[in-house]
Amino acid sequence: MHWRFRACALFVLIAVFGLGSALAQPAIQPTVDITKVPAAAQPTANFNADAATEAYMAMIPPASYARSDAYFEGGYWLILWGFLYGSAISLLLLYTRWSAKMRDVAVRITRFKFLQTVIYWIEYTLVTTVLGFPLEYYQGFVREHKYGLATQTFWPWMGDEGKGLLLGLILGGIAVAGLYAIVRKLSKTWWIWGSVAAMAFMIFTVAIGPVFIQPIFNTPKKLEDPKITAPILKMAHANGIPTNDVWQIDASKQTTRMSANVSGFGNTMRITLNDNLLKRGSQQEIQAVMGHEMGHYVMNHIPKSIITFVIIVVLFFAFLRWGMQWTISRWGERWGIRDVADPAGLPLVFLLAGVFFFVLTPVLNTETRTQEKEADMFGLNAARQPDGFAQAAIHLGEYRKMRPGPVEEWLFFDHPSGYNRIHSAMVWKGENLELFDKNPVPPPAPTSSK
Ligand SMILES: [Zn+2]
């Protein structure tokens, strides 16, 4: 999901958020066989969760630790650089009056305000995409290749970027033109009605995501292999999920990351696993991951996130109303922005959005991480595969820091850390030792036919 840092990120971010990429991500060629349960994690009478966790952690080679720490810590800085870079672009457009000039072009082309906003949006998106490209290219292409996470060569990657741009032009155009129409008609209460419209648009985007947006980039298909689907569907039916389908997606087209997710809203809600998980994961691991995803489904995490987002969106619009008035009254003349309803103020909207969401990063991470923890616990209970779950945590740790400090985890992690996930699994295993056959009974000897 590399296109989120483009300058038009806010709206695409909403779509990405909705696609709900869940257990997500990658892979660096496994150097150890993590499908073996280490000695200290065997279900013996002196099983100890801490020791079992350390035994799993010790299966990861030091070089892999160093690599995933470097990748993940680099991501902390990218949050800051993305914020600063995006802010610099907005300030550039305002201070050079390029934004005002782009608005003047739109006004010359048509007298219809709605179309003026659409034309401005197209100019704005194209200019910010070009200006933002160096960071996008580094983050989405160079860095992903450096860490062995990307599978695309340059032009197919550019193809996906082009599709993302087109999607941003269309969906963003509808959203921005609609919001500016509200600001023009309701000059006092626009921030309330704007929040309502933004939420409606977000729900719409989430709902069409799996059916209309995902297929633009990848090909989702129903998973057919009964060896994989049978245990998954059993688990689904046992947990009240009325489906006979599990979906798979060809994510290996873009990435080596393993992932699975729950996406959609209402009738389009579905569970999808990616082909990297199918190729590299053991049966136990796939079941553990699916148990987690079913947790998101059963506990209605997408509708709950939307409710949380209502609060955030209303706060954002209130902040926007205050911030726009304050800045335009001071610098509006210098920037060539007439009032809040002037589309030339859009870089200011994105500047304020950047500040707001940058400050909120730990809050949003914590909200997501809390749901992920819930899904982890649900998944352990549903799949009963603590070792498969530990294997998944190690696979996902190929691009995430496995053992962060507590403050670091709170600030930057949108999932529990690998260490904490393995530890939860081992605590669960320790409390359910009777499920694991300590003295397997040999299969009955074949009897001679009667
Ligand atoms: Zn999840």
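Scope of the values below: all heavy atoms of this structure, side chains included, with no hydrogens, waters or symmetry mates. Order of appearance sets the numbers: ligands from 1, and atoms from 1 within every ligand.
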Got a sec: is His292 within less than 2.8 Å of the Zn ion (ligand 1) via an N/O/S atom? yes
Within 2.8 Å of the Zn ion (ligand 1), is there any N, O or S atom belonging to His301? no
Okay, side chain of Thr219, backbone of Pro215: is any donor-acceptor separation there less than 3.5 Å? no
Does either side chain, that of Glu409 or that of Tyr419, offer a donor lying less than 3.5 Å from an acceptor on the other one? no
Check whether Ser263 reaches the backbone of Pro210 with its side chain - one donor and one acceptor, N or O, closer than 3.5 Å. no
Between the side chains of Glu398 and Ser68, is a donor N or O closer than 3.5 angstrom to an acceptor N or O? no
Nearest to the Zn ion (ligand 1), which N, O or S atom of Glu372 do we find? OE1
